[in-house]
Amino acid sequence: NFNRFVVIMIDSIFMANERGDRIVERYYRGVSNKQSIRAFRHQFIATKKLTKPVIRIDDTTFFHIKVDDVHLGASSKENCNPALVFEFLYAIAGLFREYFTKINPSNVRDNFVIVYELLDECMDNGYPQITAVEILKSFIRLAGESRALTRQEAKIKKALTKTITGVNEWRPNKDLVYEKNEVFIDALESVNVLQSTKGNILRADVTGQVIMKTKLSGTPTCKFGMNDKVRLRKEASEGKLRRAVKVVSLDDVTFHRCVRLSKFDQDRTITFVPPDGEFELMKYRVTSEVLLPFRVIAIVNEKGRNRVEYDVKIKPKFREQLVANDVVVKIPVPPNATAKQKHIKVRSGKAKYYPTHNAIVWKFRRFLGSAKNGYRLQAEVQRLHSVKETPWVRPPITLQFTVPMFTSSGFHVRFLKVIENTGYSTVKWVRYITRAGQYQIRI
Amino acid sequence: TIVEYVVPLLRSGIKDSSSYVRKTAAMGLARLYRISPETYNAGRWTQALHSMLTDREPAVAINALNTLNEVEEENGGVKPEAKTVVPLLKRVREFNEWNQCTILALAATYQPSNQQEMFGIMNHLDPLLKHSNCAVVLATTKVYLNFTRNLPKVHFSVIQRLKVPLLTLMSSSSEELSFTVISHLKILVSRAPDIFADDHKHFYCRYNDPACIKKIKQDVLVEIGSGKNASELINELSEYITDVSPEIARQAIRSIGKISVKIEDVVDEGIELLLSFLDLGTDYVTAETCVVLMDILRKFPDRYEDVIPSLQKVLQTVDASEGRCAVVWLIGEYGETIDDAPYILETLIDNYNDEQSSTVRTELLTATMKLFFKRPPELQKMLGRLLDQAISDSNQVDVRDQALFYYRLLRHDPHEAARIVNC
């Protein structure tokens, strides 16, 4: 039979700098494991042996993540759910970032009190309590913010303990008022591509996020509609679809905790009471019918031991009217290349050899979709040859870019309805951006 | 002590009108138990805690649950009974993500009373698989898998259902979460490799994946190798030979070997790929390739003709001892068909002192003996020289003992020796 269930029981949370020195240590269940944390810091962080996220020393398990310039970790003696520990560590890191932007040793020292207050509130006796930014920010304040509370804030504070422990914890203030009710929707997509040496696309997928920023009064209920294949099929069969719409087949979707998941299951409608301000509404993934914004064809030949010849072509595949920004093609070069390279030829964009990165970097500030034939780079790289020849590992060519008003998946926001008791009208803004995720072309 | 002062505070705390106070008091009881179990036991708190499980405020209920789990640890923690579990499951969506995981973990230990209840709970929890928090998805997974442990067909369709959200989580999370998810996926894959056979592309290693993730991805690729995708897989694995980390490169070579052995259709292609690695000239690659080729030939002996010529070339250049060992073994095994076999061994025997590794020397002894029984006239003199050298070298005792053993066996009865060495 099963042992007693333990999903998370953290003994301590600690933060160390890159050298393994202690910055913060908070014990939740007695001070029993001070020694083992020190052992962890010395044996793993200082010696840079952090090969795995989960490391066990004797009977204590250490979970750690790297955020900005520090290592944030948790220790436990029980059989915890590791995903839960990591999600919790990321949540705490997110909280710190809300208060002091970048997490580095000096910021933490300056905001010592806040850090420990947050650690007090987020976890009790080793169990997570509250990590909702909206709530914590209202009663754990940065120094210098302790002014007299406005009447509205006093009202929130009174109801706070109920909200902290209650149901709609992400929208504590029920009586927000805005002069102009607005919603900003950003659909951000990240395209990941793995292309083989022969030019075949091995895998291509898109991960997308819909980020919303709401400035809405009261407690509105929102309905969000997109061109999701399942929902549109349903509407078409019910005869509700008036004209043909391009559909996107979402492989997988996850939502912010404010979305009513059971309603989504029933009829694929996304209904929610939004938190105030900016939040991530949903994350999705698409793997079929992905339109890659760029097509790269690369021919790299090693001629003898002294030269490597490059012929790299890049073509746009997005609409002629669109323009991609800050396109950067990073073409790897063997580590034993000579310091100055003269033979790099391009007609457009700027290409320069960076010895420290072992790469030729080809940049375009603006890349027009109307340049149908694309652009070409030809280069001949000289190498030094040494006595012991190790074959060149050949990392892939990587691409970076931002293409506004374009989605690789074809994802499209169809509508956003805002319903509130007072029935006000809302101004809505939608923006699409596609950027490169892991765009790797093997050579 | 301070404990006496705390007790009345706790008693009023758990009944306070403010939920924040109640939740802190509930957790305080766990602390009290840890500091002073006698005081806790004297207070008869368990009844109060049980009634807090149905508190209106979610945070209070969860803290009470966790406290009960601690104080009841001698009895195995909170009992997963219907009267505790079912009301919590009903209102699971009121709780925040951390607490949902707690309820799900409790549910995973619960035994539904019949299949109808089981499916009811699973349907109720299904929307949670779309939660953005990775831990909630994994906790729901555990519930599904535990419930269907004893129902193989349902278990498989559950894994099918879970595949998509888990694959998404693996590709789109941070490194640590990705590592956690893929470690769990590995277990599911080994339970039902066919379900994942078409998703092999998700497990391709990206250039900048951390080594721990690349290692698990390769293990998974070997598991899902099947007739349909084996060729693609071994070609993909061959891209990892040039990885920065020698450990990953070695694992890739071994994985190609494992897939080739598992799936006969692809053996020839596998051998061709492996032979092409010998041309790279990298030490550890060549050594590992020789060992893997040796393993393949153990299962498919008839393929040796393709392999032998390349390996002969390699013998001159390969440094690592496992590689040389593998080549020597091959010569011993298939010596009768390799024309040059005696001369290859002769070179090694003449350079006996240059060969420092005892494993290679032992293998050389065995191989020469085997070949001797197959081609006596050619081998006799060199066998004699070899045994002489091995016996007189007292630095490597194991080698000397084995040589002595062979020598005495031969003197006693050559036919008996042949029987023993060739068995």
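To find a chain, count down the sequence lines: A is the first, B the second, and so on, and within it residues start at 1.
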Who among [options] has the most heavy-atom pairs with chain A under 4.5 Å?
options: B:Asn133, B:Leu128, B:Asp243; result: B:Asn133
options: B:Thr67, B:Thr180, B:Asn235, B:Thr168; result: B:Thr168
options: B:Asn99, B:Leu138, B:Val181, B:Asn63; result: B:Asn63
options: B:Glu232, B:His202, B:His124; result: B:His202

Checking [X] against chain B: side chain, backbone, both or neither under 4.5 Å from a heavy atom?
X: A:Thr207; result: side chain
X: A:Phe255; result: both
X: A:Arg260; result: neither
X: A:Asp205; result: neither
X: A:Phe63; result: neither
X: A:Glu87; result: both

Check whether any side-chain heavy atom of [X] sits under 4.5 Å from a side-chain heavy atom of [Y], and report yes or no.
X: A:Arg257; Y: B:Gln100; value: no
X: A:Ile8; Y: B:Trp98; value: no
X: B:Lys201; Y: A:Thr287; value: no
X: B:Asn208; Y: A:Gln440; value: yes
X: B:Glu176; Y: A:Leu89; value: no
X: B:Glu175; Y: A:Ile65; value: no
X: A:Tyr90; Y: B:Ser174; value: yes

### Message
Regarding A:Arg442 and B:Glu236, does a basic nitrogen lie under 4.0 Å from an acidic carboxylate oxygen?
### Response
yes
### Query
Is atom CG of A:Asp68 surrounded by more than 12 heavy atoms (other residues, nucleotides or ligands) closer than 6.0 Å?
yes
Between chain B and each of [options], count heavy-atom pairs under 4.5 Å; write down the option with the most.
options: A:Val7, A:Leu84, A:Leu202, A:Asn125; result: A:Asn125
options: A:Asn81, A:Val253, A:Thr51; result: A:Val253
options: A:Lys52, A:Gln129, A:His64; result: A:Gln129

### Message
For the backbone of B:Gly28 and the side chain of A:Asp124, can you confirm whether one donor and one acceptor N or O come within less than 3.5 Å of each other?
### Response
no
